[in-house]
Each structure stands twice: as structure tokens, then as C-alpha cells.
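Below is one structure; the comments refer to it alone.
Keep in mind the model is a prediction, meaning the values are calculated, not measured. The figures here come from the full heavy-atom set of this structure, side chains too, leaving out hydrogens, waters and symmetry mates.
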Amino acid sequence: MPKEAQIRVLYVQPGKYPEERIVENDLKSMQKLVGGDIESVAPWRENVRVVCNQEGKLNGMPLNRLLGDYDILTGSFFICGLRNGNFISLTDEQFKRYEKLYHDPIIFTDTPLGIYPMKATPEQYTRVMNDMQARKQVRHNRDNHNER
């Protein structure tokens, strides 16, 4: 069976609801979606793959969604099918399953016990991220003022 020229994927960005995308089934297009070199992860027994930025954590990309109960995906990622070593379109059933799994944006907060994930709407996510950025800026300004 020939490789599909375009594939249907579930595209998941930090702070947003997942969306359906039709993408060219080539390396350059996939790298563009995740913002760099791709890495394919197989967290489930089903023939699907999570495709993410290989260096997302190292590059400080924003925390996005949980990957099972053992990892956190950073930056934008997508989910596609796999057959004979080639990426393929998600079926309708797969699309629904993974859209439900990754539907809600996640806010990750630091606690004394580690990072705690909380489901949010995109509006709540944006508000919290803006607040966190403003607090960082205030601390930065205060620290710079104290150094003088």
C-alpha cells in the first residue's frame, strides 16, 4: 500500500483545545507543526503515535499535556496512526478517543510535592499564564532594583 500524501491528525497546542489538521505526510511539514526535530512516541498498544518536538523539554517549551501518568508533553504535538512503519490518518474512532483524552488544556502548578496538573479552559489557561508572567516580571524588576 502506498504512503498517504496527506494525513488527518489530532493537533494539540498548549492552552488550546485539540483540533483536526490535514497535513502533508513529510518530515518538513511535521517539523513545522511541532517547532523542530520530531520524536515519535508509542504510549499505547494501538498503532498510533504521539509526534512531538524531540528537544521540547530541553528548549523550555511550555508544558502541554500529560502522557499517561509518567510524563509531560511539551510544546505542540500531534497524534497520528501508524501502519508498516509509515504515519497514516487517524480513524474516526481514534480521533474521537484521543480528542476526548486531550480535550482540556492543562495548567501545571508547582507544589511542595511536585508538579500538579489542573484541567482548564483556554481562557483560564491564558489568564493564569499571563498572571505567572507578570509575577516573574515583578520579581525580576525587584531583584534588579535590590542589586543596585
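In this structure, Tyr116 places its OH atom where only 12 or fewer heavy-atom neighbours from other residues, nucleotides or ligands lie under 6.0 Å away. Within 6.0 Å of the CE atom in Met132, the count of heavy atoms belonging to other residues, nucleotides or ligands does not exceed 12.
Leu27 and Val9 end up in the same hydrophobic cluster when Ile, Leu, Val, Met, Phe, Trp and Tyr side chains are linked at under 4.5 Å. Connection of Met118 to Val128 is established within a shared hydrophobic cluster, with ILVMFWY side chains joined at heavy-atom distances below 4.5 Å, either directly or through further cluster members. The hydrophobic clustering, which links ILVMFWY residues whose side-chain heavy atoms are closer than 4.5 Å, places Phe95 and Ile7 apart. Hydrophobic cluster membership differs between Leu66 and Ile107, with clusters built from Ile, Leu, Val, Met, Phe, Trp and Tyr side chains linked at under 4.5 angstrom.
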Please evaluate residues Phe78 and Val50 with respect to the criterion side-chain contact (heavy atoms from CB on, under 4.5 Å), reporting the C-alpha separation (whole Å), side-chain torsions for both, the decisive distance (0.1 Å), and the verdict.
CA-CA 6 Å; Phe78 65 90; Val50 173; over 6 Å; no

Hey, mind stepping through Leu10 and Val12 against side-chain contact (heavy atoms from CB on, under 4.5 Å) and telling me if it holds?
CA-CA 6 Å; Leu10 179 72; Val12 185; 4.2 Å; yes

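With a 4.5 Å cut-off on side-chain heavy atoms, Ile38 and Phe77 do not count as touching. In this structure the side chain of Met30 reaches within 4.5 angstrom of the side chain of Phe87, judged on heavy atoms. Side-chain contact between Pro14 and Pro105 is absent, with no heavy atoms from C-beta onward closer than 4.5 Å. Within the 4.5 Å cutoff, side-chain heavy atoms of Val41 are placed close to those of Cys52. Contact of the Ile115 side chain with the Asp110 side chain is registered, since non-hydrogen atoms from C-beta on lie closer than 4.5 Å.
With hydrogens and angles ignored, the 3.5 Å screen pairs a side-chain donor or acceptor of Glu4 with a backbone N or O of Ser89. Distance alone, capped at 3.5 Å, places no donor-acceptor pair between the Asn25 side chain and the Lys3 backbone. Using modelled atom types, no side-chain atom of Asn64 and backbone atom of Leu73 make a donor-acceptor pair closer than 3.5 Å. Under the 3.5 Å distance criterion, the side-chain polar atoms of Asn59 are left unmatched by any main-chain donor or acceptor of Met61. A donor-acceptor contact shorter than 3.5 Å is absent between the side chain of Tyr98 and the backbone of Cys80. In this structure, Tyr11 contributes its side chain and Leu33 its backbone to a donor-acceptor pair below 3.5 Å.
Applying the salt bridge (Lys or Arg N to Asp or Glu O under 4.0 Å) test to residues at least two apart or on different chains, the pairs with a partner in residues 41-54 are Glu46-Arg97. Sorted pairs that involve residues 33-44 and meet salt bridge (Lys or Arg N to Asp or Glu O under 4.0 Å), not counting sequence neighbours, are lacking altogether. Pairs of residues two or more places apart, or lying in two chains, that qualify as salt bridge (Lys or Arg N to Asp or Glu O under 4.0 Å) and include a residue from residues 60-71 are Lys57-Asp71. Contacts classified as salt bridge (Lys or Arg N to Asp or Glu O under 4.0 Å) and involving residues 18-27 (residues at least two apart or in different chains) are given here: Arg8-Glu20, Glu19-Arg21.
Rounded to the nearest 0.5 angstrom, Lys96 NZ and Leu90 CG are separated by 12.5 Å. For the atom pair OG1 of Thr121 and CG of Asp104, the computed distance is 9.0 Å after rounding to the nearest 0.5 Å. With rounding to the nearest 0.5 Å, the separation of CG in Leu67 from CD1 in Ile72 is 10.0 Å.
Listed by chain and residue number, nothing satisfies the side chain to side chain donor-acceptor pair (under 3.5 Å) test with Thr126 (two or more places apart in sequence, or in another chain). Taking the side chain to side chain donor-acceptor pair (under 3.5 Å) definition, one finds that Asp131 meets it with nothing, sequence neighbours left out.
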